[in-house]
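Only one structure is covered here, and it is reproduced in the block below.
Owing to the predicted nature of the structure, the values given are computational and were not obtained by experimental measurement. Just so we're on the same page: letters track the sequence lines, and every chain starts at 1.
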Protein chains: 2
Amino acid sequence: MSIRLVSWNVNGLRAVSAKPEWRWFAENTCDVIGLQETKAQPEQLTPAVASPAGWEAHWASSVVKKGYSGVAVFSRIKPLAVRCELPQPEWQGEGRILHLEFEKFHFFNGYFPNGGAEEVDEHGKPVPGRFKRVPYKMGFFEAFTAYAEECRKSKPVVVCGDFNIAHRPIDLARPKQNEKNTGFLPEERAFLDRFTALGYVDTFRHVHGDLEGQYSWWSYKTRAREKNIGWRIDYFFVSEELRPAIRDAWIESDVYGSDHCPVGLELDI
Amino acid sequence: MSIRLVSWNVNGLRAVSAKPEWRWFAENTCDVIGLQETKAQPEQLTPAVASPAGWEAHWASSVVKKGYSGVAVFSRIKPLAVRCELPQPEWQGEGRILHLEFEKFHFFNGYFPNGGAEEVDEHGKPVPGRFKRVPYKMGFFEAFTAYAEECRKSKPVVVCGDFNIAHRPIDLARPKQNEKNTGFLPEERAFLDRFTALGYVDTFRHVHGDLEGQYSWWSYKTRAREKNIGWRIDYFFVSEELRPAIRDAWIESDVYGSDHCPVGLELDI
DNA sequence: CTTTGCAGG
DNA sequence: CCTGTAAAG
(Lines give C-alpha, C1' and ligand atoms only; values in the text may rest on other atoms or scores of the structure.)
Protein backbone atom coordinates (compact mmCIF):
# COMPACT_ATOMS: atom_id res chain seq x y z
CA MET A 1 0.00 0.00 0.00
CA SER A 2 1.20 3.48 -0.80
CA ILE A 3 -0.15 7.00 -0.47
CA ARG A 4 0.64 9.80 -2.90
CA LEU A 5 0.59 13.45 -1.83
CA VAL A 6 1.11 16.61 -3.87
CA SER A 7 1.70 20.24 -2.88
CA TRP A 8 1.21 23.27 -5.14
CA ASN A 9 1.36 27.01 -4.58
CA VAL A 10 -1.25 28.01 -7.15
CA ASN A 11 -0.84 31.81 -6.86
CA GLY A 12 -4.60 32.43 -6.96
CA LEU A 13 -6.94 29.47 -7.30
CA ARG A 14 -9.54 31.52 -9.18
CA ALA A 15 -6.98 32.34 -11.83
CA VAL A 16 -5.46 28.83 -12.12
CA SER A 17 -8.79 27.02 -12.09
CA ALA A 18 -9.91 29.12 -15.09
CA LYS A 19 -6.84 28.09 -17.11
CA PRO A 20 -6.52 24.94 -19.24
CA GLU A 21 -3.66 23.93 -16.93
CA TRP A 22 -6.22 23.14 -14.22
CA ARG A 23 -6.84 19.83 -16.00
CA TRP A 24 -3.88 18.87 -13.79
CA PHE A 25 -6.38 18.49 -10.97
CA ALA A 26 -8.75 16.19 -12.88
CA GLU A 27 -5.88 14.09 -14.23
CA ASN A 28 -4.19 13.71 -10.88
CA THR A 29 -4.07 10.24 -9.36
CA CYS A 30 -2.83 11.21 -5.92
CA ASP A 31 -4.67 10.86 -2.62
CA VAL A 32 -4.01 14.20 -0.94
CA ILE A 33 -3.43 17.63 -2.49
CA GLY A 34 -2.22 20.62 -0.50
CA LEU A 35 -2.62 24.02 -2.18
CA GLN A 36 -1.14 27.31 -1.05
CA GLU A 37 -1.90 30.93 -1.94
CA THR A 38 -5.45 30.05 -2.88
CA LYS A 39 -6.31 33.77 -2.37
CA ALA A 40 -9.98 32.89 -2.25
CA GLN A 41 -12.76 31.68 -0.04
CA PRO A 42 -14.48 28.52 -1.30
CA GLU A 43 -17.68 30.54 -1.94
CA GLN A 44 -15.83 32.54 -4.58
CA LEU A 45 -15.07 29.40 -6.61
CA THR A 46 -17.25 27.30 -8.89
CA PRO A 47 -18.64 24.20 -7.13
CA ALA A 48 -16.59 21.94 -9.40
CA VAL A 49 -13.43 23.60 -8.09
CA ALA A 50 -14.45 24.12 -4.46
CA SER A 51 -16.17 20.75 -3.92
CA PRO A 52 -14.91 18.30 -6.55
CA ALA A 53 -16.70 14.96 -6.52
CA GLY A 54 -14.72 12.21 -4.79
CA TRP A 55 -12.70 14.62 -2.65
CA GLU A 56 -13.10 16.03 0.80
CA ALA A 57 -12.12 19.70 0.77
CA HIS A 58 -10.78 21.77 3.68
CA TRP A 59 -9.97 25.45 3.68
CA ALA A 60 -8.09 27.99 5.79
CA SER A 61 -8.59 31.45 4.34
CA SER A 62 -7.17 34.79 5.36
CA VAL A 63 -9.46 36.82 7.55
CA VAL A 64 -7.04 39.73 7.92
CA LYS A 65 -6.99 40.61 4.22
CA LYS A 66 -9.20 39.58 1.30
CA GLY A 67 -7.56 37.80 -1.62
CA TYR A 68 -4.39 37.14 0.39
CA SER A 69 -2.62 33.91 1.34
CA GLY A 70 -4.95 30.96 2.06
CA VAL A 71 -4.46 27.18 1.95
CA ALA A 72 -6.66 24.23 0.98
CA VAL A 73 -6.40 20.46 1.20
CA PHE A 74 -8.26 18.06 -1.06
CA SER A 75 -8.27 14.50 0.20
CA ARG A 76 -9.67 11.23 -1.11
CA ILE A 77 -9.02 9.80 2.37
CA LYS A 78 -11.22 10.94 5.21
CA PRO A 79 -9.11 12.46 7.98
CA LEU A 80 -9.64 11.60 11.63
CA ALA A 81 -9.46 15.29 12.56
CA VAL A 82 -8.91 18.64 10.88
CA ARG A 83 -7.51 21.80 12.37
CA CYS A 84 -7.05 25.23 10.80
CA GLU A 85 -4.17 27.56 11.71
CA LEU A 86 -1.66 27.23 14.53
CA PRO A 87 -2.95 26.98 18.12
CA GLN A 88 -1.89 30.49 19.21
CA PRO A 89 -4.04 33.47 18.14
CA GLU A 90 -0.80 35.34 17.46
CA TRP A 91 -0.19 33.18 14.36
CA GLN A 92 -3.79 32.96 13.20
CA GLY A 93 -5.80 34.93 10.66
CA GLU A 94 -3.72 34.70 7.50
CA GLY A 95 -4.90 31.23 6.46
CA ARG A 96 -1.45 29.61 6.46
CA ILE A 97 -1.80 26.17 8.06
CA LEU A 98 -4.12 23.19 7.62
CA HIS A 99 -3.55 20.15 9.83
CA LEU A 100 -5.22 16.87 8.89
CA GLU A 101 -4.73 13.91 11.17
CA PHE A 102 -4.69 10.65 9.23
CA GLU A 103 -4.46 7.15 10.68
CA LYS A 104 -0.71 6.79 10.22
CA PHE A 105 0.56 10.39 10.32
CA HIS A 106 -0.15 14.04 10.97
CA PHE A 107 -0.32 15.99 7.71
CA PHE A 108 0.46 19.72 7.59
CA ASN A 109 -0.07 21.93 4.60
CA GLY A 110 1.67 25.27 5.14
CA TYR A 111 2.04 28.54 3.32
CA PHE A 112 4.88 29.97 5.35
CA PRO A 113 5.26 33.75 5.38
CA ASN A 114 7.16 35.61 2.69
CA GLY A 115 9.95 37.85 4.04
CA GLY A 116 8.27 40.89 2.46
CA ALA A 117 9.79 44.07 1.12
CA GLU A 118 13.18 45.45 2.13
CA GLU A 119 13.17 47.70 5.18
CA VAL A 120 13.73 51.40 4.62
CA ASP A 121 15.48 53.76 7.06
CA GLU A 122 14.10 57.09 8.23
CA HIS A 123 15.26 58.74 4.96
CA GLY A 124 13.40 56.15 2.87
CA LYS A 125 16.66 54.44 1.86
CA PRO A 126 16.54 50.61 1.63
CA VAL A 127 18.49 48.72 4.30
CA PRO A 128 20.31 45.86 2.50
CA GLY A 129 19.50 42.42 3.86
CA ARG A 130 16.73 43.58 6.22
CA PHE A 131 13.17 42.62 5.30
CA LYS A 132 9.95 43.78 6.93
CA ARG A 133 8.39 40.41 7.58
CA VAL A 134 11.40 38.22 8.31
CA PRO A 135 10.83 38.52 12.09
CA TYR A 136 7.21 37.40 11.64
CA LYS A 137 8.37 34.63 9.32
CA MET A 138 10.89 33.32 11.84
CA GLY A 139 8.39 33.47 14.70
CA PHE A 140 5.87 31.61 12.58
CA PHE A 141 8.40 28.86 11.82
CA GLU A 142 9.26 28.49 15.51
CA ALA A 143 5.59 28.26 16.49
CA PHE A 144 4.96 25.76 13.72
CA THR A 145 7.91 23.61 14.72
CA ALA A 146 6.80 23.52 18.35
CA TYR A 147 3.30 22.45 17.25
CA ALA A 148 4.64 19.80 14.86
CA GLU A 149 6.92 18.43 17.58
CA GLU A 150 3.96 18.28 19.94
CA CYS A 151 1.88 16.34 17.39
CA ARG A 152 4.82 14.10 16.57
CA LYS A 153 4.60 12.64 20.07
CA SER A 154 1.50 10.73 18.95
CA LYS A 155 2.43 9.75 15.38
CA PRO A 156 4.82 10.69 12.56
CA VAL A 157 4.56 14.00 10.76
CA VAL A 158 4.38 14.92 7.06
CA VAL A 159 4.75 18.62 6.21
CA CYS A 160 4.33 20.08 2.75
CA GLY A 161 4.05 23.55 1.37
CA ASP A 162 5.75 26.73 0.32
CA PHE A 163 8.46 27.41 2.89
CA ASN A 164 9.74 30.53 1.14
CA ILE A 165 13.28 29.36 1.93
CA ALA A 166 15.86 27.71 -0.29
CA HIS A 167 17.91 25.55 2.08
CA ARG A 168 21.30 25.21 0.43
CA PRO A 169 23.17 26.80 -2.50
CA ILE A 170 22.14 23.85 -4.66
CA ASP A 171 18.51 24.80 -4.07
CA LEU A 172 18.57 27.98 -6.13
CA ALA A 173 20.12 29.00 -9.44
CA ARG A 174 21.86 32.13 -8.19
CA PRO A 175 22.95 31.50 -4.58
CA LYS A 176 25.74 34.10 -4.48
CA GLN A 177 23.48 36.89 -5.77
CA ASN A 178 20.80 36.09 -3.23
CA GLU A 179 22.69 35.86 0.05
CA LYS A 180 21.12 39.16 1.10
CA ASN A 181 17.67 38.44 -0.36
CA THR A 182 14.83 37.05 1.68
CA GLY A 183 14.38 33.37 0.98
CA PHE A 184 18.11 32.71 1.20
CA LEU A 185 19.18 34.77 4.22
CA PRO A 186 21.53 33.05 6.68
CA GLU A 187 18.91 33.15 9.44
CA GLU A 188 16.26 31.64 7.16
CA ARG A 189 18.58 28.86 6.02
CA ALA A 190 19.56 28.31 9.67
CA PHE A 191 15.93 27.55 10.46
CA LEU A 192 15.92 24.71 7.90
CA ASP A 193 19.21 23.50 9.39
CA ARG A 194 17.55 23.28 12.80
CA PHE A 195 14.37 21.79 11.37
CA THR A 196 16.25 19.00 9.59
CA ALA A 197 18.44 18.49 12.66
CA LEU A 198 15.24 17.78 14.60
CA GLY A 199 14.72 14.85 12.24
CA TYR A 200 12.55 16.32 9.48
CA VAL A 201 13.77 14.77 6.24
CA ASP A 202 13.81 16.73 2.97
CA THR A 203 12.25 13.92 0.95
CA PHE A 204 13.33 15.29 -2.44
CA ARG A 205 16.97 15.35 -1.39
CA HIS A 206 16.57 11.94 0.28
CA VAL A 207 15.52 10.47 -3.06
CA HIS A 208 17.58 12.54 -5.49
CA GLY A 209 20.68 13.46 -3.50
CA ASP A 210 22.49 16.52 -4.81
CA LEU A 211 20.80 16.59 -8.21
CA GLU A 212 21.18 20.15 -9.53
CA GLY A 213 18.84 22.54 -11.31
CA GLN A 214 15.74 21.28 -9.52
CA TYR A 215 13.45 24.17 -8.63
CA SER A 216 9.81 24.72 -7.74
CA TRP A 217 9.48 28.50 -8.16
CA TRP A 218 10.58 30.94 -10.85
CA SER A 219 10.01 34.69 -10.70
CA TYR A 220 7.47 35.94 -13.20
CA LYS A 221 9.28 39.26 -13.35
CA THR A 222 12.16 38.24 -15.58
CA ARG A 223 10.61 35.25 -17.37
CA ALA A 224 13.02 33.24 -15.26
CA ARG A 225 11.30 29.92 -15.92
CA GLU A 226 12.34 29.89 -19.60
CA LYS A 227 15.95 29.93 -18.39
CA ASN A 228 15.35 27.76 -15.30
CA ILE A 229 16.54 30.55 -13.01
CA GLY A 230 14.57 29.17 -10.07
CA TRP A 231 14.42 28.36 -6.39
CA ARG A 232 13.42 25.16 -4.62
CA ILE A 233 11.22 26.57 -1.86
CA ASP A 234 8.37 24.03 -1.92
CA TYR A 235 9.03 20.88 0.09
CA PHE A 236 7.77 17.64 1.51
CA PHE A 237 9.38 16.94 4.85
CA VAL A 238 8.68 13.77 6.86
CA SER A 239 9.73 13.11 10.41
CA GLU A 240 12.61 10.65 10.73
CA GLU A 241 10.29 7.78 11.68
CA LEU A 242 8.88 7.84 8.14
CA ARG A 243 12.25 7.85 6.38
CA PRO A 244 12.00 4.11 5.57
CA ALA A 245 8.55 4.75 4.07
CA ILE A 246 9.74 7.23 1.43
CA ARG A 247 9.10 5.52 -1.89
CA ASP A 248 9.43 8.54 -4.19
CA ALA A 249 9.62 12.33 -4.20
CA TRP A 250 9.42 14.54 -7.27
CA ILE A 251 9.01 17.99 -8.79
CA GLU A 252 6.37 18.41 -11.53
CA SER A 253 8.24 21.08 -13.44
CA ASP A 254 6.18 20.47 -16.58
CA VAL A 255 3.05 21.79 -14.85
CA TYR A 256 2.33 25.45 -15.62
CA GLY A 257 -0.36 27.89 -14.50
CA SER A 258 1.43 29.43 -11.50
CA ASP A 259 4.88 30.80 -10.74
CA HIS A 260 5.34 27.64 -8.66
CA CYS A 261 5.04 24.05 -9.87
CA PRO A 262 3.72 21.10 -7.85
CA VAL A 263 5.98 18.87 -5.78
CA GLY A 264 5.04 15.34 -4.68
CA LEU A 265 5.73 12.48 -2.30
CA GLU A 266 4.84 8.80 -2.30
CA LEU A 267 4.98 6.91 0.99
CA ASP A 268 4.79 3.16 1.63
CA ILE A 269 2.16 2.94 4.27
CA MET B 1 -11.82 76.04 -47.07
CA SER B 2 -13.10 73.81 -44.30
CA ILE B 3 -11.84 72.53 -40.97
CA ARG B 4 -12.72 69.12 -39.59
CA LEU B 5 -12.75 68.43 -35.85
CA VAL B 6 -13.37 65.19 -33.94
CA SER B 7 -14.05 64.46 -30.25
CA TRP B 8 -13.64 61.07 -28.56
CA ASN B 9 -13.88 59.91 -24.96
CA VAL B 10 -11.30 57.12 -25.16
CA ASN B 11 -11.81 55.69 -21.64
CA GLY B 12 -8.07 55.25 -21.04
CA LEU B 13 -5.67 56.24 -23.80
CA ARG B 14 -3.12 53.61 -22.76
CA ALA B 15 -5.72 50.92 -23.29
CA VAL B 16 -7.14 52.25 -26.57
CA SER B 17 -3.78 53.04 -28.11
CA ALA B 18 -2.73 49.40 -27.56
CA LYS B 19 -5.77 48.08 -29.45
CA PRO B 20 -6.01 47.59 -33.22
CA GLU B 21 -8.84 50.16 -33.14
CA TRP B 22 -6.25 52.87 -32.58
CA ARG B 23 -5.54 52.76 -36.33
CA TRP B 24 -8.47 55.23 -36.24
CA PHE B 25 -5.96 57.88 -35.28
CA ALA B 26 -3.55 57.18 -38.15
CA GLU B 27 -6.36 56.95 -40.68
CA ASN B 28 -8.02 60.14 -39.55
CA THR B 29 -8.04 63.07 -41.99
CA CYS B 30 -9.31 65.73 -39.60
CA ASP B 31 -7.44 68.80 -38.40
CA VAL B 32 -8.18 68.81 -34.68
CA ILE B 33 -8.85 65.89 -32.32
CA GLY B 34 -10.13 66.34 -28.77
CA LEU B 35 -9.80 63.32 -26.47
CA GLN B 36 -11.37 62.88 -23.06
CA GLU B 37 -10.70 60.44 -20.22
CA THR B 38 -7.15 59.96 -21.34
CA LYS B 39 -6.37 58.74 -17.79
CA ALA B 40 -2.67 59.20 -18.43
CA GLN B 41 0.14 61.66 -18.45
CA PRO B 42 1.93 61.92 -21.82
CA GLU B 43 5.08 60.40 -20.24
CA GLN B 44 3.15 57.17 -19.67
CA LEU B 45 2.49 56.75 -23.40
CA THR B 46 4.72 55.64 -26.24
CA PRO B 47 6.19 58.58 -28.20
CA ALA B 48 4.17 57.58 -31.28
CA VAL B 49 0.98 58.05 -29.26
CA ALA B 50 1.99 61.06 -27.16
CA SER B 51 3.81 63.04 -29.89
CA PRO B 52 2.61 61.80 -33.30
CA ALA B 53 4.46 63.29 -36.24
CA GLY B 54 2.57 66.07 -37.96
CA TRP B 55 0.49 66.98 -34.91
CA GLU B 56 0.86 69.41 -32.09
CA ALA B 57 -0.21 67.77 -28.83
CA HIS B 58 -1.58 69.46 -25.71
CA TRP B 59 -2.50 67.84 -22.43
CA ALA B 60 -4.42 68.59 -19.27
CA SER B 61 -4.00 65.74 -16.79
CA SER B 62 -5.52 65.20 -13.38
CA VAL B 63 -3.26 66.22 -10.54
CA VAL B 64 -5.76 65.29 -7.83
CA LYS B 65 -5.85 61.59 -8.69
CA LYS B 66 -3.62 59.42 -10.90
CA GLY B 67 -5.23 57.63 -13.85
CA TYR B 68 -8.37 59.75 -13.56
CA SER B 69 -10.05 62.04 -16.06
CA GLY B 70 -7.67 63.99 -18.33
CA VAL B 71 -8.06 65.58 -21.77
CA ALA B 72 -5.78 66.00 -24.79
CA VAL B 73 -5.94 67.88 -28.07
CA PHE B 74 -4.01 66.92 -31.19
CA SER B 75 -3.93 69.63 -33.82
CA ARG B 76 -2.44 69.90 -37.30
CA ILE B 77 -3.04 73.66 -37.03
CA LYS B 78 -0.85 75.68 -34.68
CA PRO B 79 -3.01 77.49 -32.15
CA LEU B 80 -2.43 81.14 -31.27
CA ALA B 81 -2.71 80.32 -27.56
CA VAL B 82 -3.34 77.33 -25.34
CA ARG B 83 -4.82 77.26 -21.86
CA CYS B 84 -5.37 74.32 -19.50
CA GLU B 85 -8.29 74.14 -17.09
CA LEU B 86 -10.78 76.86 -16.19
CA PRO B 87 -9.48 80.16 -14.76
CA GLN B 88 -10.63 79.60 -11.16
CA PRO B 89 -8.55 77.25 -8.93
CA GLU B 90 -11.86 75.87 -7.64
CA TRP B 91 -12.41 74.08 -10.97
CA GLN B 92 -8.82 73.07 -11.60
CA GLY B 93 -6.88 69.90 -10.91
CA GLU B 94 -8.95 67.20 -12.58
CA GLY B 95 -7.71 67.81 -16.13
CA ARG B 96 -11.10 68.58 -17.67
CA ILE B 97 -10.66 71.55 -20.01
CA LEU B 98 -8.26 72.44 -22.81
CA HIS B 99 -8.75 75.77 -24.55
CA LEU B 100 -7.00 76.40 -27.87
CA GLU B 101 -7.40 79.76 -29.51
CA PHE B 102 -7.37 79.49 -33.30
CA GLU B 103 -7.48 82.36 -35.77
CA LYS B 104 -11.23 82.14 -36.37
CA PHE B 105 -12.60 80.67 -33.12
CA HIS B 106 -11.98 79.60 -29.56
CA PHE B 107 -11.88 75.82 -29.29
CA PHE B 108 -12.75 74.06 -26.03
CA ASN B 109 -12.29 70.36 -25.39
CA GLY B 110 -14.12 69.38 -22.19
CA TYR B 111 -14.58 66.30 -20.08
CA PHE B 112 -17.45 67.52 -17.94
CA PRO B 113 -17.91 65.84 -14.54
CA ASN B 114 -19.87 62.63 -14.14
CA GLY B 115 -22.70 62.87 -11.59
CA GLY B 116 -21.11 60.09 -9.56
CA ALA B 117 -22.71 57.50 -7.35
CA GLU B 118 -26.12 57.82 -5.76
CA GLU B 119 -26.17 59.55 -2.37
CA VAL B 120 -26.83 57.39 0.70
CA ASP B 121 -28.61 58.54 3.86
CA GLU B 122 -27.31 58.06 7.40
CA HIS B 123 -28.53 54.41 7.37
CA GLY B 124 -26.62 53.69 4.14
CA LYS B 125 -29.85 53.62 2.10
CA PRO B 126 -29.64 55.13 -1.41
CA VAL B 127 -31.52 58.39 -1.94
CA PRO B 128 -33.26 58.09 -5.35
CA GLY B 129 -32.38 60.83 -7.80
CA ARG B 130 -29.61 62.37 -5.66
CA PHE B 131 -26.05 61.94 -6.83
CA LYS B 132 -22.84 62.82 -5.01
CA ARG B 133 -21.20 64.90 -7.70
CA VAL B 134 -24.16 66.57 -9.38
CA PRO B 135 -23.57 69.81 -7.41
CA TYR B 136 -19.92 69.86 -8.55
CA LYS B 137 -21.01 69.04 -12.08
CA MET B 138 -23.51 71.92 -12.17
CA GLY B 139 -21.00 74.35 -10.69
CA PHE B 140 -18.44 73.27 -13.28
CA PHE B 141 -20.90 73.85 -16.11
CA GLU B 142 -21.74 77.34 -14.81
CA ALA B 143 -18.06 78.25 -14.50
CA PHE B 144 -17.37 76.87 -17.97
CA THR B 145 -20.27 78.79 -19.50
CA ALA B 146 -19.13 82.05 -17.92
CA TYR B 147 -15.63 81.50 -19.30
CA ALA B 148 -16.91 80.57 -22.78
CA GLU B 149 -19.13 83.65 -22.84
CA GLU B 150 -16.16 85.78 -21.85
CA CYS B 151 -14.05 84.33 -24.68
CA ARG B 152 -16.93 84.67 -27.12
CA LYS B 153 -16.64 88.43 -26.85
CA SER B 154 -13.50 88.25 -28.99
CA LYS B 155 -14.44 85.51 -31.48
CA PRO B 156 -16.86 82.61 -31.96
CA VAL B 157 -16.69 79.50 -29.81
CA VAL B 158 -16.54 75.77 -30.63
CA VAL B 159 -17.02 73.36 -27.71
CA CYS B 160 -16.65 69.61 -27.93
CA GLY B 161 -16.46 66.82 -25.45
CA ASP B 162 -18.24 64.48 -23.12
CA PHE B 163 -20.97 66.54 -21.43
CA ASN B 164 -22.32 63.58 -19.43
CA ILE B 165 -25.83 64.85 -20.18
CA ALA B 166 -28.38 63.65 -22.72
CA HIS B 167 -30.34 66.76 -23.64
CA ARG B 168 -33.76 65.50 -24.73
CA PRO B 169 -35.66 62.17 -24.65
CA ILE B 170 -34.57 61.56 -28.25
CA ASP B 171 -30.97 61.61 -27.06
CA LEU B 172 -31.11 58.32 -25.15
CA ALA B 173 -32.70 54.94 -25.75
CA ARG B 174 -34.53 54.70 -22.42
CA PRO B 175 -35.59 58.23 -21.39
CA LYS B 176 -38.43 57.20 -19.07
CA GLN B 177 -36.25 54.76 -17.12
CA ASN B 178 -33.53 57.35 -16.63
CA GLU B 179 -35.40 60.42 -15.42
CA LYS B 180 -33.89 59.86 -11.97
CA ASN B 181 -30.45 58.84 -13.20
CA THR B 182 -27.56 61.23 -13.46
CA GLY B 183 -27.04 62.22 -17.06
CA PHE B 184 -30.76 62.80 -17.63
CA LEU B 185 -31.86 64.58 -14.45
CA PRO B 186 -34.14 67.60 -14.95
CA GLU B 187 -31.53 69.97 -13.56
CA GLU B 188 -28.84 68.57 -15.87
CA ARG B 189 -31.12 68.82 -18.91
CA ALA B 190 -32.05 72.35 -17.80
CA PHE B 191 -28.40 73.33 -18.05
CA LEU B 192 -28.33 72.32 -21.73
CA ASP B 193 -31.58 74.24 -22.21
CA ARG B 194 -29.89 77.37 -20.85
CA PHE B 195 -26.69 76.70 -22.77
CA THR B 196 -28.50 76.39 -26.10
CA ALA B 197 -30.68 79.40 -25.21
CA LEU B 198 -27.45 81.38 -24.92
CA GLY B 199 -26.87 80.58 -28.57
CA TYR B 200 -24.74 77.42 -28.46
CA VAL B 201 -25.93 75.24 -31.32
CA ASP B 202 -26.02 71.44 -31.02
CA THR B 203 -24.41 70.87 -34.42
CA PHE B 204 -25.52 67.24 -34.73
CA ARG B 205 -29.16 68.22 -34.30
CA HIS B 206 -28.68 71.21 -36.58
CA VAL B 207 -27.60 68.87 -39.37
CA HIS B 208 -29.73 65.79 -38.62
CA GLY B 209 -32.87 67.21 -37.01
CA ASP B 210 -34.74 64.70 -34.88
CA LEU B 211 -33.05 61.61 -36.31
CA GLU B 212 -33.54 58.84 -33.73
CA GLY B 213 -31.28 56.15 -32.36
CA GLN B 214 -28.13 58.26 -32.60
CA TYR B 215 -25.91 57.74 -29.56
CA SER B 216 -22.28 58.24 -28.61
CA TRP B 217 -22.04 56.15 -25.39
CA TRP B 218 -23.22 52.70 -24.43
CA SER B 219 -22.75 51.13 -21.00
CA TYR B 220 -20.25 48.28 -20.93
CA LYS B 221 -22.14 46.72 -18.05
CA THR B 222 -25.03 45.25 -20.01
CA ARG B 223 -23.40 44.92 -23.45
CA ALA B 224 -25.73 47.76 -24.38
CA ARG B 225 -23.93 48.62 -27.61
CA GLU B 226 -24.99 45.34 -29.29
CA LYS B 227 -28.59 46.46 -28.83
CA ASN B 228 -27.91 50.20 -29.37
CA ILE B 229 -29.17 51.02 -25.88
CA GLY B 230 -27.15 54.23 -25.75
CA TRP B 231 -26.99 57.89 -24.84
CA ARG B 232 -25.87 60.88 -26.91
CA ILE B 233 -23.72 62.69 -24.36
CA ASP B 234 -20.80 63.73 -26.59
CA TYR B 235 -21.38 66.95 -28.51
CA PHE B 236 -20.03 69.65 -30.75
CA PHE B 237 -21.62 72.99 -29.91
CA VAL B 238 -20.81 76.18 -31.84
CA SER B 239 -21.84 79.66 -30.85
CA GLU B 240 -24.65 81.08 -32.99
CA GLU B 241 -22.26 83.19 -35.07
CA LEU B 242 -20.85 79.97 -36.57
CA ARG B 243 -24.22 78.43 -37.43
CA PRO B 244 -23.88 79.39 -41.11
CA ALA B 245 -20.46 77.71 -41.16
CA ILE B 246 -21.72 74.26 -40.12
CA ARG B 247 -21.05 72.04 -43.14
CA ASP B 248 -21.48 68.64 -41.47
CA ALA B 249 -21.76 66.94 -38.09
CA TRP B 250 -21.64 63.20 -37.49
CA ILE B 251 -21.29 60.29 -35.06
CA GLU B 252 -18.68 57.61 -35.86
CA SER B 253 -20.64 54.73 -34.36
CA ASP B 254 -18.59 52.15 -36.28
CA VAL B 255 -15.49 53.07 -34.26
CA TYR B 256 -14.85 50.74 -31.32
CA GLY B 257 -12.23 50.61 -28.57
CA SER B 258 -14.04 52.64 -25.89
CA ASP B 259 -17.52 52.76 -24.39
CA HIS B 260 -17.90 56.04 -26.31
CA CYS B 261 -17.51 56.56 -30.06
CA PRO B 262 -16.11 59.66 -31.75
CA VAL B 263 -18.30 62.55 -32.88
CA GLY B 264 -17.27 65.09 -35.51
CA LEU B 265 -17.88 68.52 -37.02
CA GLU B 266 -16.89 70.15 -40.31
CA LEU B 267 -16.96 73.94 -40.54
CA ASP B 268 -16.65 76.19 -43.61
CA ILE B 269 -14.03 78.61 -42.53
C1' DC C 1 -17.87 45.33 -17.96
C1' DT C 2 -13.62 48.03 -18.14
C1' DT C 3 -9.74 50.95 -17.06
C1' DT C 4 -7.19 52.64 -13.86
C1' DG C 5 -4.01 52.40 -9.07
C1' DC C 6 -2.08 49.75 -5.60
C1' DA C 7 -0.49 45.90 -2.40
C1' DG C 8 1.72 41.71 -2.34
C1' DG C 9 4.46 38.35 -4.08
C1' DC D 1 5.01 39.85 -14.48
C1' DC D 2 0.88 38.26 -12.28
C1' DT D 3 -3.21 37.89 -8.85
C1' DG D 4 -5.68 39.81 -6.22
C1' DT D 5 -8.12 44.36 -4.16
C1' DA D 6 -10.95 49.07 -4.75
C1' DA D 7 -12.54 53.41 -7.02
C1' DA D 8 -14.58 55.25 -10.88
C1' DG D 9 -17.25 55.35 -14.80
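Whole-Å rounding puts the E21(B) CD to dT3(C) P distance at 11 Å. Look at CD on E94(B): it is 18 Å from P on dT4(C), rounded to the nearest Å. Put simply, CZ on R225(A) is 12 Å from P on dC2(D), counting in whole angstrom units. One interatomic measurement links the two molecules: CG of N164(A) to C1' of dG9(C), which rounds to 9 Å at whole-angstrom precision. At whole-Å resolution of the value, CG in N178(B) and C1' in dG9(D) are 15 Å apart. Rounded to whole Å, the distance from CG on D162(A) to C1' on dG8(C) is 13 Å. For the pair K39(A) NZ and dG9(C) C1', the computed distance is 6 Å after rounding to whole Å. A straight line from CG of N114(B) to C1' of dT4(C) spans 15 Å, rounded to a whole angstrom.
Within 4.0 Å of K19(A), counting heavy atoms only, lie sugar-phosphate atoms of the nucleic acid but no base atom.
Heavy-atom neighbours of K19(A) NZ from other residues, nucleotides or ligands within 6.0 Å: above the threshold of 12.
A close approach under 4.0 Å does occur between a side-chain nitrogen or oxygen of R14(A) and OP1 or OP2 of dT5(D). Between Q36(A) and dG9(C) there is no side-chain polar atom (N or O) within less than 4.0 angstrom of OP1 or OP2. Phosphate contact (OP1/OP2 of dT5(D), side-chain N/O of Q41(A), threshold under 4.0 Å): absent. Phosphate proximity of dT3(C) to Y68(B): absent, as no side-chain N or O sits under 4.0 Å from OP1 or OP2.
Comparing K66(A) and Y220(A) by the nucleotide of DNA chain D that holds the closest heavy atom to each, the one mapping nearer the 5' end is Y220(A).
For K221(A), taking side-chain heavy atoms from C-beta onward, the closest of the listed nucleotides dC1(C), dA8(D), dC1(D) is dC1(D). Among the nucleotides dG9(D), dG9(C), dT3(D), the one closest to any side-chain atom of A15(A) is dT3(D). Closest to the side chain of E37(B), from the set dT3(C), dT3(D), dG9(D), is dG9(D). With dT3(D), dT3(C), dA7(D) as the choices, the nucleotide that has an atom nearest any side-chain atom of K65(B) turns out to be dA7(D).
Ion pairing between a basic and an acidic side chain is recognised when a charged N comes within 4.0 Å of a carboxylate O; D202(A) and R232(A) show such pairing.
For the side chain to side chain donor-acceptor pair (under 3.5 Å) criterion with Q36(A), the lone passing option out of D162(A), N109(A), N164(A), N9(A) is N109(A).
Ring orientation note: the planes of F163(A) and F195(A) are tilted relative to one another, at an angle of 30° to 60°.
Figure legend: cation-pi geometry between R96(A) and F144(A) absent, as NZ or CZ is not positioned both under 6.0 Å from the six-membered ring centre and within 45° of its axis.
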